[in-house]
Engineer: 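Right, I'll just put the structure down here and ask away after.
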Amino acid sequence: MSNKHFCIPENNFPKIVVIGAGFAGINFIKKLKNKPVQVILIDQNNYHQFQPLLYQVAISGLEPDSVVTPIRKLFKSCVNLIYRMAKVEEIDTKNKRVHTDIGYINYDYLVIATGSSTNYYGSKNIEKNSIGLKNINDAINIRSWMLQNLELGVEGCNFEEKSALTKFVIVGGGPAGVEMAGALAEFKKYLLSNDYPEIENGAMKIYLIQSADRILPTMSKKASKHALKVLKNLEIEVLLNSRVTDYDGEIITLLTQNGGEIIRANNLIWAAGVKGNIIKGIDEKAILQGNRMKVNQYSQVEGLENVFAIGDIATMISDANPQGHPMVAQAAIQQGKTLANNILSKINSGDFKIPFNYVDKGSMATIGKKDAVADLKIFFLNGRIGWLLWSFIHLISITGFKNKFKVGLNWMLKYLSYEKANQLIIRKYKRDN
Ligand SMILES: Cc1cc2nc3c(=O)[nH]c(=O)nc-3n(C[C@H](O)[C@H](O)[C@H](O)COP(=O)(O)OP(=O)(O)OC[C@H]3O[C@@H](n4cnc5c(N)ncnc54)[C@H](O)[C@@H]3O)c2cc1C
């Protein structure tokens, strides 16, 4: 651990250290813009990522820089913010200090917004041989791996070999898995025979494996039913009540309703769950199931006075929400904003004022280019209208005008044709040995 103190200007304002520039962290900071506090943001990456559109990068639909925004650009007019690119390694709550790989910093208030990462539920084999869909690196890796395997498939001399190279198994029937499967199926339907004429259409198969008895289990039954119908029309094999138990890089072992089965495939995309990014130094008593930190209604971490957690890493359990809030962007955004107001009120009047109250604005998932399901407060939408709403909501939510413009233009062009301009292997993907 480095003994060097962060090199930052000292002043008499309360010092708020924020770990993580995800949805929770950036919305917290925006509310504190130019207020009489010193905000120090630490993130291991120099960008904020818009995770809901990662699958479009993975499928070569969007270029990677359309879904990430440089942190320094995001906060260029925020004069009370200092950003450092660093990985936080440990928190010393006794001495109110955060240790990173480039030095340490002391805080008056600490906000942990470290989000979550892919949960492989302890399977080292699956972790080593599959690719998650959780960050921009994963998305670029999937894109490269898919295109590399298609190029190999072109050379593969027998059908079985081609089939294994071009078979895609997606694990996890939540929105991320469903969206990825739908996009892959459209790639197969509209692009495969044009771009890879040597690969027979029947060789490429797409499977979606879901452990529950329906896909999109956090959405309404109507949404699940419609999504299943659309996926089946796109010739995706959906296996419900099924679990992947092992993967050696070639053979996927499954437990299905019919017992043990295997699938020979070179591409396994793991979208089956996440766990919180816990940092060393937090008392185990404050860490609950799924590595999430127990917080009260003011986002204070259990047992700690000036330490707060927001977003995916936090779980706020109440009678109304016995499981805590869902790990979605809206919950993270709302928690970030509320906490900023509460910390300002604590600094100004000595007290927190607003208990957090999650407003569920509904949930959506798109399936392919022209269909989506949307569970809204008072009604349900699907088909083309659902897709238009999904596109609009995502477009206004992406950070930065340039990204909105690039994504909007890209979608317009794609709507008119199925071309994918980003089928590029810029950086080859290699599995870890
Ligand atoms: C593929 C996918 C699709 C999704 N689609 C949707 C959707 O359609 N709608 C929706 O509402 N939600 C969606 N989500 C969920 C949503 O993206 C998350 O709930 C949201 O990102 C959580 O925000 P956060 O700020 O808590 O964490 P994150 O956005 O994950 O940000 C965490 C930040 O912390 C940083 N960090 C972590 N550990 C450290 C460390 N030790 N040191 C320094 N920095 C660190 C990371 O680099 C990252 O920038 C999706 C998620 C995925 C993966």
Side-chain angles (χ1 to χ4, degrees), residues 17-29 40-59 67-69 71 74 83-91 98-102 111-119 131-139 142 170 172 174-180 183 216 218-219 269-282 291-293 299 309-315 325-336 339 358 360-366 372-374 390-391 393-394 397-399:
V17 172
V18 182
I19 313 171
F23 286 101
I26 65 165
N27 281 284
F28 172 80
I29 294 167
I40 296 108
L41 169 63
I42 307 171
D43 198 295
Q44 59 203 351
N45 301 313
N46 78 335
Y47 50 78
H48 162 76
Q49 43 196 338
F50 190 75
Q51 293 171 4
L53 292 182
L54 288 177
Y55 79 95
Q56 297 209 2
V57 174
I59 198 72
V67 301
V68 293
T69 314
I71 292 171
L74 204 57
Y83 162 66
R84 289 291 177 269
M85 188 174 89
K87 187 171 171 69
V88 175
E89 293 171 335
E90 192 167 347
I91 297 166
V98 168
H99 292 275
T100 79
D101 56 357
I102 61 160
V111 177
I112 304 172
T114 46
S116 55
S117 49
T118 305
N119 193 351
I131 310 183
L133 182 57
K134 190 65 186 104
N135 54 48
I136 194 70
N137 273 315
D138 288 341
I142 293 174
I170 298 141
V178 166
E179 290 178 345
M180 185 70 209
L216 302 177
T218 54
M219 294 186 72
I269 299 167
W270 188 260
V274 292
K275 59 177 183 198
N277 292 323
I278 291 288
I279 296 174
K280 202 169 141 194
I282 295 295
N291 270 6
R292 295 176 82 192
M293 291 163 68
S299 296
I310 48 176
D312 279 5
I313 186 70
T315 183
H325 300 106
M327 292 163 98
V328 293
Q330 263 309 319
I333 293 168
Q334 292 174 28
Q335 282 176 355
L339 177 61
Y358 175 53
D360 186 353
K361 295 183 176 168
S363 46
M364 291 187 227
T366 180
V373 282
W390 179 93
S391 305
I393 299 282
H394 282 75
S397 308
I398 301 169
T399 38

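One-based numbering, in listed order, for ligands and for the atoms of each. One is the number of the first residue; the rest follow in order along the sequence.
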Engineer: Taking the side chain as everything from C-beta on, heavy atoms only, tell me whether I269 gets closer than 4.5 Å to M180.
Structural biologist: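 Yes. Closest side-chain heavy atoms under 4.5 Å.
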Engineer: Would you say the side chain of L133 lies within less than 4.5 Å of the side chain of I142, judging by non-hydrogen atoms?
Structural biologist: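 Sidechains of L133 and I142: in contact.
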Engineer: Could you tell me which atoms of ligand 1, counted from 1 in the order shown, lie closer than 4.0 angstrom to a heavy atom of N45?
Structural biologist: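 Every atom of ligand 1 under 4.0 Å from some heavy atom of N45: 47 (O).
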Engineer: Do I40 and V98 touch side chain to side chain, with heavy atoms closer than 4.5 Å?
Structural biologist: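 Side-chain contact under 4.5 Å: no.
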Engineer: Less than 4.5 Å apart, side chain to side chain, heavy atoms only: is that true for I393 and M364?
Structural biologist: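 A side-chain contact under 4.5 Å exists here.
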Engineer: Just distances here: any N/O of M327 and N/O of ligand 1 closer than 3.5 Å?
Structural biologist: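 Yes, there is a polar N/O contact under 3.5 Å.
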Engineer: If we only count N/O pairs under 3.5 Å, is Q44 in contact with ligand 1?
Structural biologist: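 Yes, since at least one N or O of Q44 sits under 3.5 Å from an N or O of ligand 1.
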Engineer: Look only at the side chain of N45 and the backbone of Y47, and say whether a donor-acceptor pair between them is shorter than 3.5 Å.
Structural biologist: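 Side chain of N45 to backbone of Y47: no pair is present.
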Engineer: Report yes if some heavy atom in the side chain of T218 is under 4.5 Å from a heavy atom in the side chain of P326; otherwise report no.
Structural biologist: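 Not touching, per the 4.5 Å side-chain cut-off.
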Engineer: Taking side chain as C-beta onward, heavy atoms only, is R292 less than 4.5 Å from M327?
Structural biologist: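 Yes, side chains in contact.
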Engineer: Looking at ligand 1, does any of its N/O atoms fall within less than 3.5 Å of an N/O of V88?
Structural biologist: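 V88 vs ligand 1: N/O contact under 3.5 Å present.
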Engineer: Considering only protein heavy atoms, which is closest to atom 31 (O) of ligand 1, and at what distance to one decimal place?
Structural biologist: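 Its nearest protein heavy-atom neighbour is G22 CA, 3.2 Å.
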Engineer: Quick test: of every protein heavy atom, which one is nearest to atom 49 (O) of ligand 1, and how far off is it to 0.1 Å?
Structural biologist: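 Looking only at protein heavy atoms, the one closest to atom 49 (O) of ligand 1 is D43 OD2, 2.6 Å.
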Engineer: What residue and atom, counting heavy atoms only, is the protein's closest point to atom 37 (C) of ligand 1, and at what distance?
Structural biologist: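 It is T114 O, 3.2 Å.
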Engineer: Within the structure, is a non-hydrogen atom of A113 found at a distance of less than 4.0 Å from ligand 1?
Structural biologist: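 Right, A113 reaches ligand 1.
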Engineer: Using modelled atom types only, decide if a donor and an acceptor are shared between the side chain of T399 and the backbone of T69 within a distance under 3.5 Å.
Structural biologist: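 Flag not set: sc T399 to bb T69 has no pair under 3.5 Å.
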Engineer: If we set the cut-off at 4.0 Å for heavy atoms, which region of H48 has an atom near ligand 1: side chain, backbone, both, or neither?
Structural biologist: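 Under 4.0 Å from ligand 1, H48 contributes no heavy atoms.
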Engineer: If we only count N/O pairs under 3.5 Å, is A176 in contact with ligand 1?
Structural biologist: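 In this structure, A176 places no N or O atom under 3.5 Å from an N or O of ligand 1.
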Engineer: Tell me if a side-chain donor or acceptor on E90 pairs with a main-chain N or O of H99 at a distance below 3.5 Å.
Structural biologist: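 No: the side chain of E90 does not pair with the backbone of H99.
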Engineer: Of all the atoms in ligand 1, which lie at a distance below 4.0 Å from a heavy atom belonging to A24?
Structural biologist: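 The atoms of ligand 1 under 4.0 Å from a heavy atom of A24 are 25 (O).
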Engineer: With atoms numbered from 1 as shown, which atoms in ligand 1 lie under 4.0 angstrom from a non-hydrogen atom of A332?
Structural biologist: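 Counting from 1, the qualifying ligand atoms are 23 (O).
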Engineer: Using a strict 4.0 Å cut-off to heavy atoms of G20, name the atoms of ligand 1 that fall inside it.
Structural biologist: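 The atoms of ligand 1 under 4.0 Å from a heavy atom of G20 are 33 (C), 34 (O), 35 (C).
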Engineer: By number and element, which atoms of ligand 1 are closer than 4.0 Å to a non-hydrogen atom of H394?
Structural biologist: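 It comes down to these atoms of ligand 1: 8 (O).
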Engineer: Using a strict 4.0 Å cut-off to heavy atoms of A86, name the atoms of ligand 1 that fall inside it.
Structural biologist: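 Counting atoms of ligand 1 from 1, those under 4.0 Å from A86 are 42 (N), 43 (C).
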Engineer: Starting from atom 7 (C) of ligand 1, find the nearest protein heavy-atom neighbour and note its residue, name and distance.
Structural biologist: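 The closest one turns out to be P52 CG, 3.7 Å.
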Engineer: Under 3.5 Å between any N/O of D312 and any N/O of ligand 1: does that happen in this structure?
Structural biologist: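 D312 vs ligand 1: N/O contact under 3.5 Å present.
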Engineer: Would you find a donor on one side and an acceptor on the other, under 3.5 Å apart, between the side chain of D43 and the backbone of A21?
Structural biologist: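 Indeed, once roles are kept as given, a pair shorter than 3.5 Å links the two residues.
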Engineer: Under a 3.5 Å distance rule, please check whether R84 uses its side chain to pair with a backbone N or O of I42 as donor and acceptor.
Structural biologist: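 Absent.
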Engineer: In this structure, does ligand 1 have an atom that sits under 4.0 Å from one of the heavy atoms of L133?
Structural biologist: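 It does, in that a heavy atom of L133 comes within the 4.0 Å cut-off of ligand 1.
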Engineer: Quick one: does any side-chain atom of N291 pair with a main-chain N or O of I278 as donor and acceptor, under 3.5 Å?
Structural biologist: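 Side chain of N291 to backbone of I278: no pair is present.
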Engineer: Would you say Q49 has any N or O atom under 3.5 Å from an N or O of ligand 1, going by distance alone?
Structural biologist: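 Not met; the criterion fails.
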Engineer: Hey, is A365 touching ligand 1 through its side chain, its backbone, both or neither, going by heavy atoms under 4.0 Å?
Structural biologist: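 Neither; no heavy atom under 4.0 Å.
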Engineer: Please check atom 47 (O) of ligand 1 for a protein heavy-atom neighbour under 4.0 Å.
Structural biologist: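 Neighbour list for atom 47 (O) of ligand 1 includes protein heavy atoms (cut-off 4.0 Å).
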Engineer: If we only count N/O pairs under 3.5 Å, is F23 in contact with ligand 1?
Structural biologist: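 N/O-N/O distance under 3.5 Å: yes.
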Engineer: Could you check if a side-chain atom of Q335 sits within less than 4.5 angstrom of a side-chain atom of F28, using non-hydrogen atoms only?
Structural biologist: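 No, every pair of side-chain atoms sits at 4.5 Å or beyond.
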Engineer: Taking 4.0 angstrom as the limit and counting only heavy atoms of G115, give me the atoms of ligand 1 inside it, by number and element.
Structural biologist: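 Checking each atom against G115, I get 26 (O), 27 (O), 30 (O), 32 (C).
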Engineer: Which of the atoms of ligand 1 are close to G311, meaning less than 4.0 Å from one of its heavy atoms?
Structural biologist: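 Near G311, the atoms of ligand 1 are 26 (O).
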Engineer: Give yes if a backbone or side-chain nitrogen or oxygen of Q51 is under 3.5 Å from a nitrogen or oxygen of ligand 1, and no if not.
Structural biologist: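 Yes; the residue has a nitrogen or oxygen that sits under 3.5 Å from a nitrogen or oxygen of the ligand.
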Engineer: Do I131 and W270 touch side chain to side chain, with heavy atoms closer than 4.5 Å?
Structural biologist: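 I131 does not reach W270 side chain to side chain.
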Engineer: For atom 12 (N) of ligand 1, what is the nearest protein heavy atom, given as residue, atom name and distance?
Structural biologist: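 Residue, atom and distance for the closest contact: A329 N, 3.3 Å.
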Engineer: Do the side chain of Q49 and the main chain of I136 share a donor and acceptor less than 3.5 angstrom apart?
Structural biologist: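 Indeed, once roles are kept as given, a pair shorter than 3.5 Å links the two residues.
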